[in-house]
> 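Starting off with a structure, shown below.
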Amino acid sequence: MDPQNCDFSAHVYVEIANPPKLHQGKMHKTDKYVPQGPTIEGPFTFTHDMSWESFLSHVAELAELEEENIALTQMNWHFQGKTKSLPLRNVGGFMAMVTQI
């Protein structure tokens, strides 16, 4: 079986980092920022014939961002249940993801 001609579809969830929240202390000097957990949005269906541009469009829609505001340098992907993330920063990373799926 030729891996380049395999049909597939997968559900994609987008994890969005949240900014830290200000936690007020008893005095002004004891205020501190507390990290917040990420928000998970989705899914959308990722198919074998989806382009990089279409993929970014779906991610931007779920994250409620303009496509040019997506932090590509921080994009990673992994299979569900796996902890090791792989980079998804450009079309090369996208093609590697498609090949592995």
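It should be emphasised that the depicted structure is a prediction, and the values quoted were computed from it without experimental measurement.
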> Who pairs with S57 by side-chain contact (heavy atoms from CB on, under 4.5 Å), at least two apart in sequence or on another chain?
E67
> Taking the side chain as every heavy atom from C-beta outward, state whether T45 and H11 have any pair of such atoms under 4.5 Å apart.
yes
> Would you say M27 ends up clustered with Y33 if hydrophobic residues are merged whenever their side chains have heavy atoms under 4.5 Å apart, either directly or through other cluster members?
no
> Could you tell me if the side chain of L86 sits less than 4.5 Å from the side chain of M97, heavy atoms only?
no
> According to a hydrophobic-cluster definition based on side-chain heavy atoms being under 4.5 Å apart (Ile, Leu, Val, Met, Phe, Trp, Tyr only), do L88 and I40 belong together?
no
> By side-chain hydrogen bond (donor to acceptor under 3.5 Å, both in side chains), which residues pair with D49, not counting sequence neighbours?
T47
> Could you grab the distance from atom CG of N76 to atom NZ of K84, nearest 0.5 Å is fine?
10.5 Å
> Tabulate below the donor-acceptor pairs under 3.5 Å that side-chain atoms of residues 58-66 make, not counting sequence neighbours, or state none.
unit_1 : atom_1 : unit_2 : atom_2 : d
H58    : ND1    : S54    : O      : 2.8

> Return yes when atom CD of Q100 has more than 12 non-hydrogen atoms of other residues, nucleotides or ligands closer than 6.0 Å, and no otherwise.
yes
> What pairs meet the ring-ring contact (aromatic ring centres under 6.0 Å, His included) rule with one or both residues in residues 63-101, with sequence neighbours excluded?
F46-F94, W52-F94, F55-F94, W77-F79
> Would you list the atom pairs, donor with acceptor, under 3.5 Å between side chains in residues 13-22 and any protein atom, with sequence neighbours excluded?
unit_1 : atom_1 : unit_2 : atom_2 : d
N18    : OD1    : T39    : OG1    : 3.4
N18    : ND2    : G37    : O      : 2.7
N18    : ND2    : T39    : OG1    : 2.8

> About how many Å separate CG of L72 and CZ of R89, when rounded to the nearest 0.5 Å?
10.0 Å
